[in-house]
Structures are given as structure tokens and as C-alpha cells.
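Take a look at the structure below.
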Amino acid sequence: MVILKSVLDQSFYDREVTDVARYLIGRRLVRKSNGTTLAGIILEAEAYRGEEDLACHAHVGKTKRNAVMYGPSGYAYIYFTYGMHWMLNCVTGPEGFPAAVLLRSILPTDGLQIIASRRHQRSPKEWCNGPAKITQALDLDSRLNNTPLFHQNGALRIEEGIRIPEGMLQTSPRIGLGDTPEPWLSKPWRYFVTTEQIESMN
DNA sequence: CGCCCGATGTGCT
DNA sequence: GCACATCGGGCGT
């Protein structure tokens, strides 16, 4: 399986958030930190779209916390929640319209020893199969909020990765929305492939 | 493996 | 004061 390492440029993010979420599946998320490379293939992502989407942080309007989502596309929006967890998102276009893609799962490919230690030696399947698990494994927090994802040697960036075959991509409603009203609760804005699907590609 | 629930603290009403 | 785009331990199956 060929994993391409050219960095996606800013224009990749400057379109409909649902399209960005779809096309992020199979890409390579890279974290460079004091000389080491941690990376994985993106398996799962969700779109959050504008102030009218009642599941999106921007539904309360622009605040200090969610301001990054209103900025230009291609930057990381990293926020803190549940008193202990960080979440990694990719801001999408157009500028001024608040939208972002939450990364929910990756398949680790680089830096497995370090990821294992950060994840407290848990089983490999549990390393990065959740949004806060990704940020734990890759050491992401507020320091990297508003970081560009499209810089060639950026500390956090997304590369071309692998091609997901037509028909492999699955969708579902978004996870963890609680009492969010319809139609937002059921919007099929979660895009994903399984670890097994990727491993079967060889 | 699945369900349940407590942890933990910040932003926003 | 409360909700929160979650996680992991404990216990039952």
C-alpha cells in the first residue's frame, strides 16, 4: 500500500465542510515533535457546519473559544472539553463561515512505540480510535490551536496518504450529540472506513 | 464484549 | 450553575 507524503495545500480545505470530511478519509495525519514523527491514516471524521447546525460549537455565535472556526480554512481548531479531553478539528472554508471537521479515529503508522507509551500500553486497537485518544497519542493541546495544517514542515500537518476505493466509504449520523434536535441529530455527516477495510487493501 | 457511571474544569447563560 | 463533538474502570453477560 502506497502512502503519499506530499502535504495537502490550503485550497484542499476551502470548500464544503462535508466534502472536506469525506476527502480526509485515507489522508495521513503527521505530528512532528522534538525530532520524532508520529503519524496515522485518518479513518473517521465528522462535519460541523455553521451557526444553524445546533451540534456545532458556532451555534451560539462567535466566542473566544470557537473564533478559529470563523477564520481561514486549513487551520487546526483544538478545544478542551469534559474537563480533561482535547479535540482536533480542521477548519474549512469559506472564511467567515464557521465550519470544521472533527477527526475521530486514525490508524497509527509511525512512532508506534511512543504512541503506545502515551496511551499507557493499551491494546493497539485502542490507541487512536476516539477523538480524545488521537490528541493523547499525538500530544496535541491548546499549544497547537490555530496551527496551519498545510505547511511543508509544520509540527502538525496532513499529507495525501492513501486512495480509498470507491464504495468503501461509509456514513452515519454524528456521534455523541445527546439531545441535539433534528434535523441535526440525524445528518449523515460522519464519514469512516474500518481498520479491517484498510488492512485488507494490502 | 456491552452498559453504566464518575472524572474533571472551562466556557457560556 | 450547568452542559459538554469523551474516556476508562467496573461489573455483568
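Note on naming: letters A, B, ... go to the chains in the order of the sequence lines (proteins, then strands), and numbering restarts at 1 for each one. Not measured: the values here are computed from a predicted model.
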Is the ring centre of Tyr48(A) under 5.5 Å from the base ring centre of dA5(C), and are the two planes under 30° apart, so that they stack?
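According to the criterion (under 5.5 Å, under 30°), yes, Tyr48(A) stacks.
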Output field: ring centroids His57(A)/Tyr79(A) closer than 6.0 Å:
yes
Rounded off to whole Å, could you give me the [atom1]-to-[atom2] distance for the [X] and [N] pair?
X         : N       : atom1 : atom2 : result
Trp86(A)  : dC7(C)  : CH2   : P     : 15 Å
Tyr79(A)  : dG9(B)  : OH    : C1'   : 15 Å
Glu44(A)  : dA5(C)  : CD    : P     : 16 Å
Phe80(A)  : dC12(B) : CZ    : P     : 14 Å
Asn66(A)  : dT10(B) : CG    : C1'   : 14 Å
Arg118(A) : dG8(C)  : CZ    : C1'   : 19 Å
Asn129(A) : dC7(C)  : CG    : C1'   : 10 Å
His85(A)  : dT6(C)  : NE2   : P     : 9 Å

Hey, is the side chain of Lys64(A) poking within less than 4.0 Å of OP1 or OP2 on dT10(B), counting only N and O atoms?
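It does not, given that no N or O in the side chain of Lys64(A) lies less than 4.0 Å from OP1 or OP2 of dT10(B).
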If the cut-off is 4.0 Å, is Arg119(A) near the phosphate of dG8(C), judged by side-chain N/O to OP1 or OP2?
yes
Cys56(A) or Glu126(A): which one's nearest nucleotide on DNA chain C is closer to the 5' end?
Cys56(A)
Assign each of Thr180(A) and Arg122(A) the nucleotide of DNA chain C bearing its closest heavy atom; nearer the 5' end lies the nucleotide of Thr180(A)
Lys/Arg cation over aromatic Phe192(A): Arg104(A), 6.0 Å, 45° cone:
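No, a cation-pi geometry is absent between Arg104(A) and Phe192(A).
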Mark yes or no: Arg15(A) above the aromatic ring of Tyr13(A), with NZ or CZ under 6.0 Å from the six-membered ring centre and no more than 45 degrees from the axis.
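Judged by the rule (NZ or CZ under 6.0 Å from the ring centre, within 45° of its axis), Arg15(A) is not positioned above Tyr13(A).
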With a non-hydrogen cut-off below 4.0 angstrom, is [X] in contact with a base, only sugar-phosphate, or nothing?
X         : answer
Ala132(A) : sugar-phosphate
Met87(A)  : sugar-phosphate
Lys125(A) : sugar-phosphate
Gln136(A) : sugar-phosphate
Arg174(A) : nothing
Arg190(A) : nothing

Go ahead and name the base partner of dC5(B); Watson-Crick or wobble counts if both distances stay under 3.5 Å, otherwise write none.
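Because both required distances fall under 3.5 Å, dC5(B) counts as paired with dG8(C).
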Among Thr147(A), Asn145(A), Asp141(A), whose side chain to side chain donor-acceptor pair (under 3.5 Å) with Arg143(A) holds?
Asp141(A)
Just verifying a value: how many Å separate Ile41(A) CD1 and Met201(A) CE, rounded to the nearest 0.5 Å?
9.0 Å
Donor-acceptor contact below 3.5 Å, side chain Gln10(A) vs main chain Ser73(A):
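Yes.
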Considering only dG11(B), dA5(C), dC7(C), which nucleotide approaches the side chain of Thr63(A) most closely?
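Of the options given, the side chain of Thr63(A) lies nearest dG11(B).
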Using a distance-only criterion (donor-acceptor N/O pair, under 3.5 Å, no hydrogens), is the base of dA7(B) paired with the side chain of Tyr82(A)?
no
